[in-house]
Structures are given as C-alpha cells and as structure tokens.
Chemist: 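Shown below is the structure under consideration.
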Amino acid sequence: MHIRTLSLAVIFAISSTSAFAATCNSSDSTLLSWGESKSRTAIEAFVKDVTTPNSKNYVAPDDRIAVFDNDGTLWSEKPAYFQLVFTIEQIKKQVKNHPEWKTQTPFKWILEDDMASLMAADHQALLELVKVTHSGMTVEAFQKQVKEWVSQQKDPRFNRRYEQLTYQPMKEMLTYLKDNNFKTYIVSGGGVDFMRAWTEDAYNIPPENVIGSSFGYDFTMIDGKATVTKNDTITSLNDKEVKVESIQRVIGKKPILAVGNSDGDLAMMQWSTTQNTPSMAMIVHHTDADREWQYDRDSSVGRLDKALDEAKQKDNWYLIDMKNDWCTVYGEAK
C-alpha cells in the first residue's frame, strides 16, 4: 500500500447538500450519474471510436485494456487511505494480546491517539503496522476479516459503510466499458488481498484483474490440507513507476485507457498514452468539498500536482471535475 502520511486528526465536517454545477439530463446515456460535460463526451466518443468496426481507430476487443487506480479514483481516500484506517482499528483490537505495544512505537502512538507522531513517522514505521495486521493468517481468513470490515464499519463523516463510499459515476463507467468489450483492471497502491476481498462485489472486477501492493505467501500442509498463509515480506509496493512494471508483468499489454487521480498514477497514464493506437487518460479531480473532499496539489493523501499540469497540456488527457461533472458522488445509500 502506498503510505506517505496519515491524517486522522481531522475534524470531520458534516456533509452538506449545497448546490453543484453539473447539468444532469443523462437519460440518453448509459452514464446516468454524469452531467453533460466534456469528460462524459470524451468517454463516449472514445468508446465509439475504438469499437466501431469501420473506424480508422478501431481496436480489437482483446486489446481494449482499461486500467483504474482505486483509492481516490473508484472510492474515497480521505481523510486517510481506508486500508490504513482498517489497520489502525485492527491494532486497537489486537492490543490485548500484545501488551508490549503500549510502550513500543509506532503502536503506542495509535493506542494513545497520538496522530501527530504517526503523521511524522517514516514509511518503515507505518509498514510495521501493516505487517502485523496483514500477515500470519491464511488468505481466506484475512479476506473474510476485510470483507466484514468494509461491509459493517462506517466512515464518521458520511455515516456510510466503507463499501458505500465507492463512486457511482465510476461504477457506471466500468459497466459501460465492459458492455463495449473492454477488459477492466484495478492497478492500485492498495494491498492486493485487501482489495480482492470486496472489489468484485463493488465493481464487478474479478480478483485476477486486481493488481496491488503485496506481501509474500507461504505454502504449508496443515492436517493434510494445502494452505497459503500471508507472511510479512513485502514483495511489491505498487505505486508510480512500479504500476507500469506490474501492468507489463501481469497483463502483458499496454492499456489504451488509464484512469487515476494523483501523481502516483502519472507513470501509468504516461505509458498508456504513449503509443500509436488510440489512447486516453482521465484524472478524477477532487473539487467537491461538500459531497466529498476538495484537494489536489497540497494534499498529503492523493497529491495531484505534476499530473494536473500534464493533463492541461495533452489533448487526450481529461480532468473529471467531481463537482461540475457528477450528478451524484456515492449514489443512494442502501
């Protein structure tokens, strides 16, 4: 998981229903939650262009590869990455079995709610938290734990379960692409086993199409049963340039569409749009402080700076303005 800083010492604002600027008359579109906007037009035009057999830009179905970041692109990532929120909650649950944590950093910072020290910690300290909560159990046991958490625990600001903080417009985009024979993948800095526990239910993307950061595995025979257990050896931190390497290693084809929201996705978008075939990159720009969050260049989570500048310079890169392009963010609560 890509972990830079943690900001849980946040005053959770009450979500308001102030007006947004999207013109919502999408009854003629599959993208029902998208307003009439440049970004929606770009999606529809690109899909039509690459799927029309007599188009000069026609792309065969096997080559219609679309890759999506997850945190901040398909679901929210503020005030901290949700996987890190899960990790912190697991530390507090497990402390009864680890009394030594009360005097050991970084564990004591969590137990004392000392978020300032945790925010200032280096990657190694934060990874130590992930190691102890994500290893030493079978893959199935871990994913069961995660699935229960995302389906039961609620975000304090929006009072929605974490599984309900996925973006309705992006889920519609995924469906629209699949209906047009695109192969969709998640390529995220989040933990691969963490995501595989719930992304198929949320996005209809199967586990084999999820690429993320990962720990190692140990194969063992327990009572005659073959078992795979997660260990604490980090095998991949799937961020920035590593995303490109992972796409090549796992998919083996260059995507024609890449969607992200931060500089962590910049290399993936650059690589996907550097080719002779038709291609496009899109960036979810967090511009809605009322219905979600507003941030870009100065954010410690999901920082969007270099990629924002590049999007303004390239004809086949598009900014998705959350406030002005989306008629709804999360959809109706269930």
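Hydrogens, waters and symmetry mates play no part in the numbers below; they use all other heavy atoms, side chains included.
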Chemist: Quick one: do V67 and I320 end up in the same hydrophobic cluster if we chain Ile, Leu, Val, Met, Phe, Trp and Tyr together by side-chain heavy atoms under 4.5 Å apart?
Modeler: no
Chemist: Taking the basic N atoms (NZ, or NE/NH1/NH2) and the acidic carboxylate oxygens, is any pair closer than 4.0 Å for D113 and K108?
Modeler: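 K108 and D113: not salt-bridged.
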Chemist: So, T175 side chain and K171 main chain: donor-acceptor pair closer than 3.5 Å or not?
Modeler: yes
Chemist: Take the angle between the ring planes of W149 and Y162 and call it parallel below 30°, perpendicular above 60°, tilted in between.
Modeler: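 Geometry flag for Y162 against W149: parallel rings.
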Chemist: Give a yes or no on whether a salt bridge exists between E148 and K144, defined as a side-chain N under 4.0 angstrom from a carboxylate O.
Modeler: yes
Chemist: When N261 is tested against each of N70, D296, T73 for side chain to side chain donor-acceptor pair (under 3.5 Å), which residue passes?
Modeler: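 Considering N70, D296, T73, a side chain to side chain donor-acceptor pair (under 3.5 Å) with N261 is found only for T73.
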Chemist: Relative to each other, are the rings of Y295 and H286 parallel, tilted or perpendicular (30° and 60° limits)?
Modeler: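 Parallel.
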Chemist: So that I can tick it off, tell me whether E245 and R249 are bridged by a salt bridge, with the cut-off set at under 4.0 angstrom between side-chain N and carboxylate O.
Modeler: no
Chemist: Are any of the side-chain nitrogens in K183 or D62 under 4.0 Å away from the carboxylate oxygens of its partner?
Modeler: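 Yes, charged N to carboxylate O under 4.0 Å.
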Chemist: Establish, yes or no, whether a centroid distance under 6.0 Å links the rings of Y330 and F158.
Modeler: yes
Chemist: Can D263 and K240 be counted as an ion pair, charged N to O under 4.0 angstrom?
Modeler: no
Chemist: What orientation do F82 and W75 show, parallel under 30°, tilted 30 to 60°, or perpendicular over 60°?
Modeler: perpendicular
Chemist: Is there a side-chain contact between I256 and F182 in this structure, where contact means two heavy atoms from C-beta onward sitting under 4.5 Å apart?
Modeler: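 I256 vs F182: side chains touch.
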Chemist: Can you classify the ring geometry of H98 versus W101 as parallel (below 30°), tilted (30 to 60°) or perpendicular (above 60°)?
Modeler: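 Rings of H98 and W101: parallel, under 30°.
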Chemist: Any salt bridge between R291 and D288, counting N to O under 4.0 Å?
Modeler: yes
Chemist: Are V250 and I186 linked, directly or through other ILVMFWY residues, by side chains that come within less than 4.5 angstrom of each other?
Modeler: no
Chemist: Considering only NZ, NE, NH1 and NH2 on the basic side and carboxylate oxygens on the acidic side, decide whether D325 and R40 come within less than 4.0 Å.
Modeler: no
Chemist: State plainly whether the residues R297 and D305 are in salt-bridge range, i.e. N to O under 4.0 Å.
Modeler: yes
